[in-house]
Undergrad: 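I'd like to ask some things about the structure below.
These values consider heavy atoms only, across backbone and side chains, with no hydrogens, waters or symmetry-generated copies.
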Amino acid sequence: MIREIKRKDKENWIKLYCGYAKFYKVPMKQEILNTLWSWIHDENHVVNGICYEIEDKIVGIAHYRTMPRPIKGQYIGFLDDLFVDEHFRGQKIAQKLIKYIESLSKENNWNGIRWITHSSNETAKKLYDKIAKNTGFELYELKRD
């Protein structure tokens, strides 16, 4: 079942999000977890969280937001994070989470969904190539000191 992430999910959510960070080799700190957790539960913040629940345990998470697309003068949905517990992979949970976010397009006035993944994430890219179009754009990042 797909639903919004609730406060009672914090422990499982932390495990999943730390798994996501580990996959991308990003050190996770309690401060980051606390910040993101507060964003997810702040109705005035742009970041939202959904989860996939099996037998009262969340086994997949996705964080998304509305994002303006200036060149089109429209809004799109942006999928920031997507992660499924390794023991539950192969059950199309990631695909179901993406489809759920796609279903939010009409009520949020989005003209589509976008996301990025690392070029080495072959497993995810196999799914993404089946359900979406690779735009061919490269991602650059200019970090503050």
Undergrad: Angle between ring planes, Tyr24 versus Tyr20, binned at 30° and 60°: parallel, tilted or perpendicular?
TA: perpendicular
Undergrad: With sequence neighbours left out, what residues match Glu4 under side-chain hydrogen bond (donor to acceptor under 3.5 Å, both in side chains)?
TA: none
Undergrad: Salt bridge check, Arg3 against Asp9: does any charged N sit closer than 4.0 Å to a carboxylate O?
TA: yes
Undergrad: Please evaluate residues Lys126 and Glu122 with respect to the criterion salt bridge (Lys or Arg N to Asp or Glu O under 4.0 Å), reporting the C-alpha separation (whole Å), side-chain torsions for both, the decisive distance (0.1 Å), and the verdict.
TA: CA-CA 6 Å; Lys126 284 179 188 174; Glu122 295 298 330; over 6 Å; no
Undergrad: Could you report the tightest heavy-atom contact between Ala124 and Thr117, atom names first, then the distance?
TA: CB-OG1, 4.3 Å
Undergrad: For atom CD of Glu107, decide whether the heavy atoms of other residues, nucleotides or ligands shown that lie under 6.0 angstrom number more than 12.
TA: yes
Undergrad: Below 4.5 Å, heavy atoms only, C-beta onward: do Ile93 and Arg89 meet side chain to side chain?
TA: no
Undergrad: Are side-chain heavy atoms of Ile98 and Ile113 found at a separation under 4.5 Å?
TA: no
Undergrad: Indicate whether the side chain of Ser38 and that of Asp42 have a donor and an acceptor atom separated by less than 3.5 Å.
TA: no
Undergrad: Kindly state each residue pair satisfying ring pair (Phe, Tyr, Trp, His ring centres under 6.0 Å) with at least one member in residues 78-126, sequence neighbours excluded.
TA: Trp115-Tyr128
Undergrad: Take atom NZ of Lys125 as the centre, draw a 6.0 Å sphere, and report whether it contains more than 12 heavy atoms from other residues, nucleotides or ligands.
TA: yes
Undergrad: Trp37: what forms a ring pair (Phe, Tyr, Trp, His ring centres under 6.0 Å) with it, not counting sequence neighbours?
TA: Trp13, His41
Undergrad: Please say whether more than 12 non-hydrogen atoms of neighbouring residues, nucleotides or ligands are located less than 6.0 Å from NZ in Lys133.
TA: no
Undergrad: Quick one: does Leu82's side chain get under 4.5 Å of Leu79's, heavy atoms only?
TA: yes
Undergrad: I'd like to know if the side chain of Asn48 reaches the main chain of Val46, judged simply by a donor and an acceptor atom lying under 3.5 Å from each other, with no hydrogens or angles considered.
TA: yes
Undergrad: Under a 4.5 Å cut-off applied to non-hydrogen side-chain atoms, are Ile40 and Leu36 in contact?
TA: yes
Undergrad: Do the side chains of Thr135 and Arg114 get nearer than 4.5 Å, heavy atoms only?
TA: yes
Undergrad: Give a yes-or-no answer on whether the side chains of Tyr64 and Asp81 include a donor-acceptor pair shorter than 3.5 Å.
TA: no
Undergrad: Working note: His63 + Tyr17, criterion side chain to side chain contact (heavy atoms under 4.5 Å, CB included); need CA distance, chi angles, decisive distance, verdict.
TA: CA-CA 10 Å; His63 303 132; Tyr17 199 66; 3.4 Å; yes
Undergrad: Between Ile61 and Ile5, what is the shortest heavy-atom contact and its length?
TA: CG2-CD1, 4.3 Å
